[in-house]
Amino acid sequence: MSKINIKDWINSAEKELKEKKLEELFWETPEGIKVKPLYTEDDIKQLNHEIGLPGLPPYTRGPRATMYANRPWTIRQYAGFSTAEESNKFYKEGLKNGVMGLSVAFDLATHRGYDSDHQRVVADVGNAGVAIDSVEDMNKLFDGIPLEKMSVSMTMNGAVIPVLACFIASGLNQGCPIEKLTGTIQNDILKEFMVRNTFIFPPEPSMRIVADIIEFTSKKMPKFNSISISGYHMQEAGANQVQELAYTLADGKEYLEAALKRGLDIDDFAPRLSFFWSIGMNFFMEIAKMRAARFMWSEIVKKFNPKNSRSLALRTHCQTSGVSLMEQDAYNNIVRTTVEAMAAVLGGTQSLHTNSFDEALALPTTFSARIARNTQLILSEETGITNVIDPLAGSYYLESLTSSMVVEANKLISEIDDVGGMVKAIEMGIPKMRIEESSAKRQAKVDSEEQIIVGVNKYKPTQKQDINILSIDNDKVRKKQISALNELKKSRDNKIVDEYIEKISEVARGNGNLLEICVEAAKNFCTVGEMTGAMEKVFGRHTLSSKTISGVYGKNVKSNEKISSVNTHIQNFIDRKGRRPRMLVVKMGQDGHDRGAKLIATAFADLGFDIDVGPLFQTPDEAAKQAIENDVHIIGVSTLAAGHKTLVPLLIKALKNNDADGIKVICGGVIPPQDYSDLYKLGVSKVFGPGTNIPEAAIEIMDIL
């Protein structure tokens, strides 16, 4: 066969295009990478990464030599809701039906280190995860599930010390020696300060906690992964794939240095570090991201002179994207999840969670979770994907894309290094700002229909879909948790508890290991809230300022009839009222996911509204007070974690109690359609679901005002 002649191809392509220009076939990714319509062998002659072989440094093709040809990836199910007993039933059902490892979702009260009886968590107990107040709850969570045999992954960062301590104590209660516990604790606090915001303590003591856990587990828990360095929540917050890649690896580098400063040898802990990626709809970009990550991590760790080659290997868990799930035409989400799962597998993940199609509406049901789980089983058992190790290696396009991602991600890592590392960069707000800019650009493209989402801004459904959802009775769960807490406090030796609480504060002030003392405290029935409170006395509780970017959405959204209509409405309002419409955007309860709130704030400001943004973790009374003091016309409640059923009624009550019921209330976020009518009866003016077009929403809000 003769060598490809590019000139001949161009001539052939131009004949086929006729009215189009050849340049129109080129595509620029959201990361700014130029993608050509055709790749040839010439494109992989000068790569910026080494392809190599699977199981050998630099591990571009995978951390294990035989990959799935020997053993498929671990099928995990990220789940947790209501009480420990309810979650336990759900786990056991999953294990019967193909799940190989558990991934625990904790409720927001637990994430933030509050016991279920704390006044700030009235809407958060058991809603978006399982409530854990003590080792007793952990015992119930794993009742009948042998921790000596089961790998358990726990997404926990803020209250990581007391929660991991309760897990270890529960394992010991089962008779499982500490050295046989297997699994992963996320323990990735840096990304919390960037995007997810379920932090508790300031950055410096938080990094000390990370190092304490790495130290304890490297010495006593050889089968346990001490940290899962997570890019997932970055992409969920709006980061593009290059940002997710770069900032996650920069976080990992910071954790390496923190552990080395503790005096640990690189080979004592690096082989037990793991990573966690979000897998979105940009199929080849996601595969390239995972290959680039393995190569780049190997290069990063190499500089610390490890003697064990496994220290260079990046092992990862993946989860299909939550932000790609849409409320509109929700069954399309099954297809999206399947595509994303294939990208994770072809990218070489070690374990995978597939989201359920109804998660843009509420927590997954048993029915939807089964479809999500079976998606992985079908890929593993029916497609033949597992028969060949890294089947896409050597692809002209994929290797070129991988190389481009290495170059672009290294630029961002250099920016972080130049300011003194990730902690400094986070304090300066650099990653957060870049991610929020990316989020605003993407939303502008969706609203302008430059980026198509089937069923949302194109091919919209003509019939309404009725989807059964899982609803949690938050009030019932909270009462049950409080009752159990009260019983625990009556039956335990409170004198011993007080002694351990004081010891935790002493260790926090000194140089001991916080996880070590908290394991003993948990064994003696100290609660998550009590252990957190003991550390909070010394470290304090961290708060964030509510800054927003400006101009990015306005610069990227295309001018059209909707934008013109918004401008006309606002001008008419100014003519009537003498000022712009003013909106307060609030996040109430302990949900720190502020992507939606930040996006609404920046987009509406660019469209001409005056915008105030409430601080994270407000109570309804605090939100009402701010709205009144700032003389706003409307409050926009952003909600993701099912707290709307409790918090919105309390907000409306607080406004009425202060003679401010003239202030309108709207809600947006993950709210089941079944709840809309109840919210409207309460007095909510409008409810907006995921995928809402922002200019259209602005017009509706102006009509309300």
Side-chain angles (χ1 to χ4, degrees), residues 1 3-4 6 29 31 33-73 231 241-242 244-246 248-249 252-253 270-271 273-275 277 279 282-304 306 308-318 342-350 352 384-414:
M1 185 175 173
K3 187 174 169 65
I4 291 173
I6 295 296
T29 74
E31 296 80 9
I33 295 171
K34 297 277 187 185
V35 175
K36 302 186 297 182
L38 177 70
Y39 284 80
T40 69
E41 59 188 313
D42 290 337
D43 291 296
I44 60 169
K45 285 179 179 175
Q46 290 182 315
L47 296 175
N48 288 292
H49 71 284
E50 185 184 332
I51 299 175
L53 288 170
L56 294 175
Y59 300 104
T60 308
R61 298 189 63 186
R64 298 205 313 266
T66 54
M67 291 300 287
Y68 310 141
N70 178 45
R71 189 182 76 201
W73 64 94
Q241 278 91 337
V242 166
E244 180 190 6
L245 171 61
T248 305
L249 295 183
K253 188 177 170 186
L273 302 182
S274 67
F275 285 76
W277 304 114
I279 305 295
N282 198 336
F283 187 76
F284 286 105
M285 188 69 81
E286 293 292 4
I287 300 169
K289 176 186 77 183
M290 294 173 71
R291 298 168 66 79
R294 287 191 290 267
F295 169 77
M296 291 174 70
W297 184 245
S298 178
E299 293 293 296
I300 287 169
V301 180
K302 194 190 295 181
K303 293 172 184 173
F304 296 97
N308 181 357
S309 64
R310 301 308 295 172
S311 294
L312 304 171
L314 183 154
R315 296 166 303 109
T316 192
H317 170 70
C318 289
M342 286 182 68
V345 170
L346 290 170
T349 191
Q350 278 58 71
L352 177 62
I385 284 176
T386 60
N387 296 337
V388 177
I389 303 161
D390 189 25
L392 296 185
S395 155
Y396 301 147
Y397 172 42
L398 186 60
E399 298 296 1
S400 297
L401 195 55
T402 301
S403 194
S404 296
M405 292 199 79
V406 170
V407 171
E408 295 304 316
N410 274 327
K411 288 178 187 175
L412 291 181
I413 291 174
S414 294

Could you tell me the separation between the CG atom of Asn410 and the CG atom of Leu249, rounded to the nearest 0.5 Å?
-> 8.5 Å
Do Tyr68 and Val345 come within less than 4.5 Å of each other through their side chains, counting heavy atoms only?
-> yes
Between the CD1 atom in Ile287 and the OG atom in Ser395, the distance rounded to the nearest 0.5 Å is 9.0 Å
Closest heavy-atom contact between Ile44 and Gly394?
-> CD1-O, 4.1 Å
In this structure, NE2 of His317 is separated from CZ of Phe275 (nearest 0.5 Å) by 14.5 Å
How many angstroms lie between atom NZ of Lys289 and atom OG1 of Thr316, to the nearest 0.5 angstrom?
-> 8.5 Å
How long is the span from the CG atom in Leu346 to the CD atom in Glu286, to the nearest 0.5 Å?
-> 12.0 Å
Side-chain heavy atoms of Met290 within contact of Cys318, under 4.5 Å = yes
Work out which heavy atom in Thr248 is nearest to a heavy atom in Gly231; give both atom names and the distance.
-> OG1-CA, 3.0 Å
For atom CZ of Arg310, decide whether the heavy atoms of other residues, nucleotides or ligands shown that lie under 6.0 angstrom number more than 12.
-> yes
Leu38 and Tyr396, any side-chain heavy atoms less than 4.5 Å apart = no
Find out whether Tyr397 and Asp43 are in side-chain contact, i.e. whether some heavy atom of one side chain is under 4.5 Å from a heavy atom of the other.
-> no
Under 4.5 Å between any side-chain heavy atoms of Trp277 and Thr349, yes or no?
-> no
Can you name the nearest heavy-atom pair linking Ile389 to Arg61, along with the distance?
-> O-NH2, 3.6 Å
So, Glu31 side chain and Met405 main chain: donor-acceptor pair closer than 3.5 Å or not?
-> no
Does a side-chain heavy-atom distance below 4.5 Å link Arg291 with Glu399?
-> yes
One should read off an interatomic distance between Glu408 CD and Ser403 OG, to the nearest 0.5 angstrom, of 10.5 Å
Shortest non-hydrogen contact from Ile33 toward Ser404 | CG2-CB, 3.9 Å
Side chain to side chain, Met296 and Leu245, heavy atoms closer than 4.5 Å | yes
Taking the side chain as C-beta and beyond, is there a heavy-atom pair between Arg294 and Pro63 under 4.5 Å?
-> yes
May I ask you to check whether over 12 heavy atoms, not counting those of Met67, lie within 6.0 Å of atom CE?
-> yes
